[in-house]
2 protein chains.
Amino acid sequence: MFHGLADATRRDIVERVLREEQSVSALARRYAMSFAAVQKHVAVLERAGLVSKTRRGREQLVRGNPDILRTVARLLESYEQIWRHRARAIDDILAEDDDPERT
Amino acid sequence: MFHGLADATRRDIVERVLREEQSVSALARRYAMSFAAVQKHVAVLERAGLVSKTRRGREQLVRGNPDILRTVARLLESYEQIWRHRARAIDDILAEDDDPERT
DNA sequence: CTGATCTACAACCACACGGTTGTACGTTAG
DNA sequence: CTAACGTACAACCGTGTGGTTGTAGATCAG
């Protein structure tokens, strides 16, 4: 998932298709690169579960998947939580040590 | 930043050093790879701002940076927010359309 | 049917990544 | 001082990434 988001073009695509479903060619028109390149980016995002495609006639509509985003956000928050837990443990040790003799 | 987290070993390192500062060699001992490889991973994390190093004698202590984690978590939440905003807009359109004739 | 459009995929290229080994240098321990 | 330790860095290798072009199959418009 992180790899999927580790590219500016792909993050931009994710943002766009979260706002609105778009065909691959509609997306490709917005970037200064070939259709095939955009197609590959979409494929990477699809493999990462960040995006899904549905056919509509000859077009392939791409839409964002907010669930995965939320999952990753939660993971990062849990990392932050680890740190906060550690910080609290340090505070506890300092609080417990109210005897000025000990360091 | 995403690239920094786009590797299982690096995510594990981040988690460890958030819990507790550790020297590069102490980290290297825990993984089935060379010291140099771990050193490179730490360098990537450092470039991404996810981690910082401070010298202590001949050792180099690595510690995690929770601020960046929080920043990225906020970014992902804003993506999710985009989707929720869009979903709400759709709801509004449907609610406004209380005439059963129109689709 | 014919042609334009949208998509898929293969082949290719330059380059970065994740890993290795080897060498060199500063710092600590005996 | 010497040896061991912790680190830094360069060179190398296989593989994947981000990009290109080209070809081919569906689908729609006229």
Side-chain angles (χ1 to χ4, degrees), chain A residues 1-65 68-69 72 75 79, chain B residues 1-65 68-69 72 75 79:
Chain A
M1 323 193 227
F2 286 111
H3 172 248
L5 292 169
D7 179 278
T9 302
R10 283 200 293 267
R11 283 194 298 275
D12 198 76
I13 291 177
V14 167
E15 203 179 322
R16 278 188 204 282
V17 300
L18 276 174
R19 291 184 201 284
E20 185 179 11
E21 284 191 333
Q22 288 191 4
S23 70
V24 179
S25 55
L27 285 170
R29 260 176 250 124
R30 307 193 179 247
Y31 303 101
M33 64 181 78
S34 71
F35 172 85
V38 174
Q39 207 178 357
K40 281 191 182 183
H41 281 308
V42 172
V44 170
L45 290 171
E46 198 179 9
R47 246 180 286 135
L50 291 163
V51 128
S52 57
K53 294 192 295 188
T54 55
R55 271 220 165 275
R56 189 184 61 183
R58 64 182 163 185
E59 290 182 329
Q60 194 88 255
L61 293 184
V62 183
R63 74 167 193 280
N65 179 2
I68 305 284
L69 274 310
V72 181
L75 172 65
Y79 279 172
Chain B
M1 324 192 228
F2 285 111
H3 172 247
L5 292 169
D7 179 279
T9 302
R10 284 200 293 268
R11 284 195 298 275
D12 198 78
I13 291 177
V14 167
E15 203 178 321
R16 277 187 204 281
V17 301
L18 276 174
R19 292 184 201 282
E20 183 178 13
E21 286 191 331
Q22 289 192 5
S23 70
V24 179
S25 55
L27 285 171
R29 260 176 251 125
R30 306 193 179 248
Y31 303 102
M33 63 182 76
S34 70
F35 172 85
V38 174
Q39 208 177 355
K40 280 191 182 180
H41 281 308
V42 172
V44 170
L45 291 172
E46 197 180 10
R47 246 180 285 134
L50 291 163
V51 128
S52 58
K53 294 192 295 187
T54 55
R55 271 220 165 273
R56 189 184 61 183
R58 64 183 162 184
E59 290 181 328
Q60 193 89 254
L61 293 185
V62 184
R63 74 167 193 280
N65 179 3
I68 305 284
L69 275 309
V72 181
L75 172 64
Y79 279 171

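The sequence lines fix the lettering, A, B, ..., with proteins before strands; numbering per chain opens at 1. Source: prediction; values computed, not measured.
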**Complete:** Closest of C:dG18, D:dT7, D:dT20 to the B:His3 side chain is C:dG18

**Asked** Are B:Leu75 and B:Met1 close enough that some pair of their side-chain heavy atoms sits under 4.5 Å apart?
**Response** no

**Request:** Find the distance A:Phe35:CZ to D:dG22:P and express it as a whole number of Å.
**Result:** 16 Å

**Message:** For A:Arg16 and A:Glu20: C-alpha separation, side-chain torsions, deciding distance, then whether salt bridge (Lys or Arg N to Asp or Glu O under 4.0 Å) applies.
**Reply:** CA-CA 6 Å; A:Arg16 278 188 204 282; A:Glu20 185 179 11; over 6 Å; no

**Item:** Atom-to-atom span, CE of A:Met33 to C1' of D:dG18 - whole angstrom
**Value:** 8 Å

**Item:** 5′-ward residue of the pair B:Val44/B:Ala36 relative to DNA chain C
**Value:** B:Val44

**Request:** May I ask you to evaluate whether A:Thr9 reaches the phosphate of D:dG18, defined as a side-chain N or O under 4.0 Å from OP1 or OP2?
**Result:** no

Set out, line by line, the N/O atom pairs under 3.5 Å between protein and nucleotides 25-30 of chain C.
none

**Request:** Could you check how far CG of B:Leu27 sits from P of D:dG6, rounded to whole Å?
**Result:** 13 Å

**Request:** Could you work out which one of D:dG19, D:dG6, D:dG18 sits closest to the side chain of A:Arg10?
**Result:** D:dG18

**Prompt:** Under 4.0 Å between a side-chain N/O of B:Ser34 and OP1 or OP2 of C:dT21, yes or no?
**Reply:** no

**Asked** In whole Å, what is the span from the CZ atom of B:Arg29 to the C1' atom of D:dT7?
**Response** 13 Å

**Message:** Using whole Å, what does the distance between atom C1' of nucleotide C:dC6 and atom CD of A:Gln22 come to?
**Reply:** 15 Å

**Asked** What's the verdict on side-chain contact (heavy atoms from CB on, under 4.5 Å) for B:Gln60 and B:Val42, showing C-alpha distance, side-chain angles and the deciding distance?
**Response** CA-CA 11 Å; B:Gln60 193 89 254; B:Val42 172; over 6 Å; no

**Item:** Distance, rounded to the nearest Å, where A:Lys40 contributes NZ and D:dG18 contributes P
**Value:** 9 Å

**Message:** Looking at B:Gln60, I'd like to know whether one of its side-chain N or O atoms comes within less than 4.0 Å of OP1 or OP2 on D:dA8.
**Reply:** yes

**Request:** Indicate yes or no for a side-chain donor-acceptor contact from A:Arg10 to the backbone of A:His3 under 3.5 Å, with no hydrogens or angles considered.
**Result:** yes

**Request:** Establish, with yes or no, whether the OP1 or OP2 oxygen of D:dG6 is under 4.0 angstrom from a side-chain nitrogen or oxygen of B:Ser23.
**Result:** no

**Request:** Give a yes/no answer on whether the side chain of A:Arg47 brings an N or O atom under 4.0 Å of OP1 or OP2 in D:dT17.
**Result:** no

**Asked** Shortest non-hydrogen contact from B:Ala28 to B:Phe35?
**Response** CB-CD1, 3.8 Å

**Complete:** On a heavy-atom basis, the closest approach of B:Val51 and B:Val17 is CG2-CG2, 3.7 Å

**Complete:** Regarding the side chain of A:Gln39, the nearest nucleotide among C:dC9, C:dT21, D:dG18 is C:dC9

**Request:** Answer whether the closest heavy-atom distance between the side chains of A:Leu5 and A:Arg11 falls below 4.5 Å.
**Result:** yes

**Prompt:** Between C:dG18 atom P and B:His41 atom NE2, what is the distance in whole Å?
**Reply:** 6 Å

**Prompt:** OP1 or OP2 of C:dC6 less than 4.0 angstrom from a side-chain nitrogen or oxygen of A:Lys53, does that happen here?
**Reply:** no

**Item:** Residue pair B:Phe2 / A:Val72, side-chain heavy-atom distance below 4.5 Å
**Value:** no

**A:Glu59 CD to C:dT5 C1', straight-line distance once rounded to whole Å** = 9 Å

